[in-house]
A.B. asks: 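Have a look at this one before I ask anything.
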Amino acid sequence: MLHIDEKRLLKIFQETGKDSFKLEELEEYLPREKILRVSLWLKGKGLVEIDEKKRERVRVIKKEDFPERKIAKYLKERNLKEIGIKELKNILNKEEINAALGAIKRKGIAKIEKGKIIFENLDYEDEEERALNEIDGKTVEEVDKNLLNILKKRGYIEIEEEKEINIKLTEEGKKLLEKPIEIEEEISQLTRDIIISKKWKKAYIRPYDVKVPTKPIFPAKVHPLTRIIREVKEILLGMGFKEVKSPIVETEFWNFDMLFEPQDHPAREMQDTFFLKYPTEGDIPKELVEKVREVHLRCWRQFDEKVSRRLILRTHTTASSIRYLASLTEEEKKKNHKVFCIDRVFRNEAIDYKHLPEFYQCEGILMGDNVNFDNLIGILKEFLNRLGFDKVRFRPAYFPFTEPSLEAEIYVEGKGWLEILGAGIFRPEVLEPLGIEKPVLAWGIGFSRLAMLKYNLTDIRELHKNDIDWLRRVIG
């Protein structure tokens with residue numbers, strides 16, 4: 001069964017008696033896009049062959065004089081034979097000066113000595129100039145390879161790839177054309193008018209062939225990282241969590257002090273954390289500061305309010321959870337709470353295949369009556385299962401603000417067990433200044449590791465390169 005366009009193309013072969021056409025020749029009869037599409041259909045049916053040859057052609061993209069010729073013309077206009085290298089800035093820019101000096105040495109068209117360029121012949125012949133005037137449109141095989149490389153390196157030419165497409169009848173196609181091809185009216189889509197007028201009874205209704213090859217289409221879609229963020233957000237909302245937000249610029253009080261990290265902890269050094277140059281300090285709640293001070297002095301024997309006020313780029317989204325807990329009224333503290341935050345965090349990391357100074361993190365907490373470590377494991381297992389990870393296991397871990405703590409690992413075929421998130425129960429020292437007596441389960445997951453697993457990446461930087469081919473291929 002042939003499409004009407006297939007019949008039109010084959011009829012061109014039949015009426016001309018030719019077995020083969022160049023694509024350009026067929027463009028006299030049909031639009032180029034239609035020819036390519038229909039040829040693929042016919043190829044799939046074994047009626048034509050498509051022969052594609054590639055060749056490279058030279059295109060001149062810069063037609064101005066070489067810098068060394070500009071120098072020679074400048075001297076000739078002034079009836080001079082030499083010029084100081086320092087004076088070249090009156091004629092050429094810095095890049096052209098370097099190119100001219102290199103070319104003069106390579107070609108031997110002048111002497112360079114004692115800071116001067118000395119010409120014996122200002123009307124010198126230049127093979128490179130002659131080639132530049134002759135090679136536009138030639139194939140690379142027709143041009144001296146050495147000259148080609150020089151002119152390309154100097155930015156005067158570029159190489160364009162050109163395709164020659166020939167469409168040729170197969171033996172089966174020739175056999176088909178032994179009988180006249182009749183082009184009759186064809187219906188590709190039934191409409192109301194066609195049905196009412198009963199026109200469909202007399203016309204040919206084209207069947208729909210799902211196996212016909214078509215041109216790849218790349219519809220618009222959101223970035224892979226955004227898709228993961230949305231997926232995680234939907235899972236957590238489906239599990240009954242509520243989303244919260246907090247500032248990107250944070251004080252050390254909310255980022256560290258509230259999480260029971262001592263003020264001499266290494267994480268607070270400039271090699272790990274970004275500090276604001278201006279302003280350097282922010283406001284902190286005075287009543288809460290006094291309660292946190294009491295805990296730090298009792299446990300760490302040090303607390304400086306100036307350190308608490310220092311402004312930083314937050315290093316984790318746990319600050320969002322703490323801010324939320326601190327905002328609860330006495331009445332709200334009697335209720336259970338499930339919240340999460342997905343947002344950017346910043347750490348002064350050296351950029352490599354698995355570290356970036358800015359990345360997305362997800363933090364969640366659950367505050368409730370009598371919740372325990374088993375509940376935490378159950379929630380995390382359900383969360384990871386919904387993300388598509390069937391094999392999950394847990395092992396003990398250490399985090400400054402949770403006790404006990406754990407790390408969750410997932411099993412990936414070919415890679416084994418991989419750490420995916422950290423979790424634990426907030427220490428009493430974290431909750432004491434907030435006046436919260438219920439246990440609070442907490443966990444955090446980085447999207448960098450999740451993205452690498454989801455999209456089988458070996459280098460997290462690939463996620464941010466905007467490689468259009470990779471972005472098109474990624475499913476979702």
Side-chain angles (χ1 to χ4, degrees), residues 1-59 135-143 145 148 158-191 193-195 197-219 221 467-475:
M1 302 298 291
L2 294 175
H3 186 281
I4 192 169
D5 287 336
E6 292 175 311
K7 291 178 181 179
R8 287 185 180 128
L9 184 57
L10 288 173
K11 200 166 182 65
I12 297 169
F13 284 90
Q14 193 174 65
E15 291 177 347
T16 59
K18 295 177 67 173
D19 294 341
S20 177
F21 278 97
K22 288 184 179 179
L23 180 61
E24 292 74 18
E25 294 173 325
L26 286 171
E27 286 183 275
E28 297 178 18
Y29 304 92
L30 295 168
R32 183 184 181 91
E33 285 299 317
K34 183 174 283 189
I35 297 166
L36 290 170
R37 182 174 66 251
V38 174
S39 297
L40 284 172
W41 296 349
L42 291 171
K43 182 183 177 183
K45 295 175 180 177
L47 299 176
V48 302
E49 292 176 352
I50 301 174
D51 182 27
E52 188 176 298
K53 294 179 181 177
K54 294 181 181 180
R55 61 165 62 96
E56 292 180 322
R57 289 196 181 275
V58 180
R59 294 287 176 230
I135 64 176
D136 191 36
K138 288 187 176 182
T139 64
V140 293
E141 291 80 11
E142 297 175 293
V143 183
K145 190 174 181 180
L148 198 68
E158 66 180 12
I159 308 300
E160 287 184 349
E161 188 176 83
E162 183 181 80
K163 292 181 181 178
E164 181 182 292
I165 299 175
N166 289 290
I167 300 165
K168 182 181 178 182
L169 286 172
T170 63
E171 290 303 317
E172 191 175 342
K174 292 175 185 177
K175 190 175 179 181
L176 178 70
L177 295 187
E178 290 175 1
K179 295 179 181 179
I181 291 180
E182 296 181 7
I183 299 177
E184 57 188 358
E185 187 178 1
E186 184 178 278
I187 295 176
S188 60
Q189 184 176 3
L190 284 173
T191 64
D193 291 337
I194 291 173
I195 294 171
S197 66
K198 297 184 179 179
K199 189 178 179 181
W200 61 272
K201 288 187 175 182
K202 298 177 182 179
Y204 170 72
I205 300 176
R206 177 166 60 89
Y208 188 78
D209 188 353
V210 295
K211 295 181 180 179
V212 171
T214 60
K215 184 179 179 181
I217 296 175
F218 302 103
K221 51 187 177 181
D467 181 340
I468 191 68
D469 290 330
W470 180 78
L471 290 171
R472 282 172 171 172
R473 290 195 307 270
V474 174
I475 298 171

A.B. asks: Look at Glu171 together with Lys174 and state whether they make a salt bridge at an N to O cut-off of under 4.0 Å.
C.D. replies: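 Looking at Glu171 and Lys174, the cut-off is met.
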A.B. asks: With Lys53, which residues qualify under side-chain contact (heavy atoms from CB on, under 4.5 Å), at least two apart?
C.D. replies: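 Counting only residues at least two positions away or on another chain, Lys53 forms a side-chain contact (heavy atoms from CB on, under 4.5 Å) with Asp51, Glu164.
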A.B. asks: To the closest 0.5 Å, what do you measure between CZ (Arg8) and CG (Leu2)?
C.D. replies: 13.0 Å
A.B. asks: Considering only NZ, NE, NH1 and NH2 on the basic side and carboxylate oxygens on the acidic side, decide whether Glu162 and Arg55 come within less than 4.0 Å.
C.D. replies: yes
A.B. asks: Is the shortest side-chain N to carboxylate O distance from Glu27 to Arg32 below 4.0 Å?
C.D. replies: yes
A.B. asks: Is there a side-chain contact between Glu56 and Thr139 (heavy atoms, below 4.5 Å)?
C.D. replies: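 No, every pair of side-chain atoms sits at 4.5 Å or beyond.
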A.B. asks: Can you pull the side-chain hydrogen bond (donor to acceptor under 3.5 Å, both in side chains) pairs that have at least one residue in residues 15-25, sequence neighbours excluded?
C.D. replies: none
A.B. asks: What's the spacing between Lys163 NZ and Leu23 CG if we round to 0.5 Å?
C.D. replies: 11.0 Å
A.B. asks: Per the side-chain contact (heavy atoms from CB on, under 4.5 Å) rule, which among Leu30, Ile165, Ile50 passes with Leu36?
C.D. replies: Ile165
A.B. asks: Which atom names give the shortest non-hydrogen contact between Lys11 and Ile181, and what distance separates them?
C.D. replies: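 Of all heavy-atom pairs spanning Lys11 and Ile181, the closest is NZ-O, 2.9 Å.
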A.B. asks: Show the nearest heavy-atom pair for residues Gln14 and Leu177, with the distance to one decimal.
C.D. replies: NE2-O, 2.9 Å
A.B. asks: Could you walk me through whether Val140 and Arg57 pass the side chain to side chain contact (heavy atoms under 4.5 Å, CB included) check?
C.D. replies: CA-CA 6 Å; Val140 293; Arg57 289 196 181 275; over 6 Å; no
A.B. asks: First locate atom CG of Leu40, then atom CD1 of Ile35, and finally report the distance between them rounded to the nearest 0.5 Å.
C.D. replies: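 It comes to 12.0 Å.
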A.B. asks: Could you measure the distance from the NZ atom of Lys168 to the OG1 atom of Thr170? Nearest 0.5 Å is fine.
C.D. replies: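 It comes to 10.0 Å.
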A.B. asks: What is the minimum heavy-atom distance between Ile167 and Leu26, and which atoms define it?
C.D. replies: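 Result for this residue pair: CD1-CD1, 3.6 Å.
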A.B. asks: So, taking the atom named OG in Ser39 and the one named NZ in Lys34, what distance separates them when rounded to the nearest 0.5 Å?
C.D. replies: 12.5 Å
A.B. asks: The test is side chain to side chain contact (heavy atoms under 4.5 Å, CB included); show your working for Lys7 and Leu10 and say whether it passes.
C.D. replies: CA-CA 5 Å; Lys7 291 178 181 179; Leu10 288 173; 5.8 Å; no
A.B. asks: Check step by step if side chain to side chain contact (heavy atoms under 4.5 Å, CB included) holds for Leu148 and Ile159.
C.D. replies: CA-CA 9 Å; Leu148 198 68; Ile159 308 300; 4.2 Å; yes
A.B. asks: Of all the heavy-atom pairs spanning Leu471 and Lys221, show the shortest one and how long it is.
C.D. replies: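 Shortest heavy-atom separation between Leu471 and Lys221 comes out as O-CE, 3.3 Å.
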